[in-house]
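These notes concern the structure reproduced below.
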Amino acid sequence: MAQPQAITYQYDLFSEQRQDVIRPFPTSETVCGASGTKAFQVKEAGEQERALTPDLMSLVLSHDNIKAAYKQVKRNKGVAGIDQMPTGDFAEWYSQNAETLQSELYNGAYQPQGVKQVEIPKPNGGKRKLGIPTVTDRIIQQAISQVLNPIYERKFSDHSYGFRPNRNAHQALKKGSEYVSEGRVIVVDMDLKTFFDVVNHDRLMYLLSTTISDKTLLWLIRKYLQSGILIDGVVSQRTEGMPQGSPLSPLLSNIVLDELDKELERRGHKFVRYADDCNIYVRSQRAGERLLASISVFIETKLKLLVNKEKSRVCPVNHTKFLGYTIQRDGSLSIANESVKRFKEKGFGVNRDARKRIKPCPTGGSTM
DNA sequence: TTTCGAAAAAC
RNA sequence: GUUGUUUUUCGAAA
């Protein structure tokens, strides 16, 4: 590997002809005798260890991966970022600038652009701050996410249901009602305060480095975490938290909260987590309160996250809502219809029969 | 078999 | 002025 190889390949995202990216620079790390350019498949993630992930950037920037990322971003129909380039223009832009972009990404010179901040109202009246990266940055992040996702999928806890392929809220509810059917009718409802605002960058980067050894990729992710926020023309650098609205955020949040899953598993608890909404099922109020106290300490000292003490609580399962439903003490699910609730507020008399009864949960071991 | 899009839910 | 991920349903095309 004396000389950097010439880049001669097709950049057109619409052409069927393609040639995969040849890495323009030699790998900085040498991995115990293995040839640096030897291709490895992410899907064969069976025995993947940190030593096998020194060159994920090639996968991130491969033609197929970028093309898939572009399609995904385009399908979301999001608006342009601060550079005003709409999603539809990326293909043409990329055909002109792919070489420069890829070189910068490979040698670490790439600097993500600022994030446009937008506030939108939440259903419950509050405001939600969104960070909108440029189309280019959304596509790069999506491309990273597509590579990291299969690597992390096999490491994630079976009790985690949010933002994961082939998993949905209903499966989480089914698992929760199974635990209730076993007699765990008290729930510890953990609420993490403004999760996206307080994630510790150093801790997240450390977690990533235990699985990912591609330093170029790690630095790129760190740059995305730190990417500046543009408010009224002034760019301020972010020191903690991650932008809500970037394609990488859901995966990174699961990586951070996987530590919580692993700790709860280590302690042998029965729980279900959907994003930052974590429910632990126990048999008595006293056990629940003791658990809430000790897990809160773990979350705040070890994970460096904040527990919302006002909204976290211990109560019988049928006194709280989880993912839009309420689990009854017999393990059945009921849904509180929002429109019914609005009727009630407007003065139409509504009795509790307005809550629609959903089928009881069978304790089946069926997968998927 | 595959591809695409619209619309709903969860966070 | 409206981001992101996942899931599901419906529909269309070859």
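We name chains A, B, ... by the order of the sequence lines, and we start the count at 1 in each one. No experiment lies behind these values; they were computed from the predicted model shown.
Closest to the Ala169(A) side chain, of the nucleotides dA10(B), dG5(B), U7(C), is dA10(B). Out of dA10(B), U6(C), U3(C), the shortest distance to the side chain of Ile132(A) is found at U3(C). Side-chain proximity of Lys71(A) to U3(C), dT3(B), U7(C): nearest is dT3(B). With U7(C), G4(C), dC11(B) as the choices, the nucleotide that has an atom nearest any side-chain atom of Asn166(A) turns out to be U7(C). The side chain of Gln72(A) lies closest to U6(C) when the candidates are U7(C), U2(C), U6(C). Here the nucleotide nearest the side chain of Pro247(A), chosen from U2(C), dT3(B), G4(C), is G4(C). Taking every side-chain heavy atom of Gln142(A) into account, U5(C) is the closest of U8(C), dC11(B), U5(C). Of the candidate nucleotides U2(C), G4(C), dC4(B), G4(C) has the atom lying nearest to any side-chain atom of Phe163(A).
Checked by atom type, the side-chain pair Arg167(A)/Ser160(A) shows no donor-acceptor distance below 3.5 Å. There is no side-chain donor-acceptor pair under 3.5 Å between Gln96(A) and Glu92(A).
Listed pair Lys77(A) / dA6(B) meets the phosphate criterion, a side-chain N or O lying under 4.0 Å from OP1 or OP2. Regarding contacts with the backbone of dC4(B), every side-chain N or O of Lys74(A) stays at 4.0 angstrom or more from both OP1 and OP2. Side-chain N/O atoms of Gln171(A) include none lying less than 4.0 angstrom from OP1 or OP2 on dA10(B). Contact annotation: Arg138(A) reaches the phosphate of G4(C) (side-chain N/O to OP1 or OP2, under 4.0 Å).
Residue Phe156(A) contributes atom CZ, which lies 13 Å from atom C1' of U6(C) at whole-angstrom precision. One interatomic measurement links the two molecules: CZ of Arg273(A) to P of dA10(B), which rounds to 19 Å at whole-angstrom precision. Straight-line distance from the CG atom of Asn76(A) to the P atom of dA6(B): 11 Å, rounded to whole Å. Protein atom NZ of Lys174(A) is 14 Å distant from nucleotide atom P of U8(C), rounded to whole Å. The interatomic distance linking Leu323(A) (CG) with U6(C) (P) rounds to 18 Å, in whole Å. Distance CD (Glu153(A)) to P (U6(C)): 10 Å, rounded to an integer number of Å. Taking atom NE2 on His170(A) and atom C1' on dC11(B), their separation rounds to 17 Å, with Å as the unit. Leu248(A) places its CG atom 15 Å from the C1' atom of U6(C), with the value rounded to the nearest Å.
Within 4.0 Å of Ser246(A), counting heavy atoms only, lie sugar-phosphate atoms of the nucleic acid but no base atom. Among the protein residues, Gly78(A) comes within range of the sugar-phosphate backbone only, with heavy atoms under 4.0 Å from sugar or phosphate atoms but none that close to a base.
With hydrophobic clusters built from ILVMFWY side chains whose heavy atoms lie under 4.5 angstrom apart, Trp219(A) does not share a cluster with Leu217(A).
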Review point. Could you go step by step and tell me if Tyr161(A) and Tyr274(A) meet the ring pair (Phe, Tyr, Trp, His ring centres under 6.0 Å) rule?
Key: CA-CA 5 Å; Tyr161(A) 290 87; Tyr274(A) 193 102; 7.9 Å; no
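Checking side-chain atoms of Arg203(A) against main-chain N and O of Val256(A) turns up no donor-acceptor pair under 3.5 Å.
For the pair Asn65(A) and Ser62(A), the minimum side-chain heavy-atom distance is below 4.5 Å.
For the pair Ser249(A) and Asn168(A), nearest-nucleotide mapping onto RNA chain C gives the more 5' position to Ser249(A).
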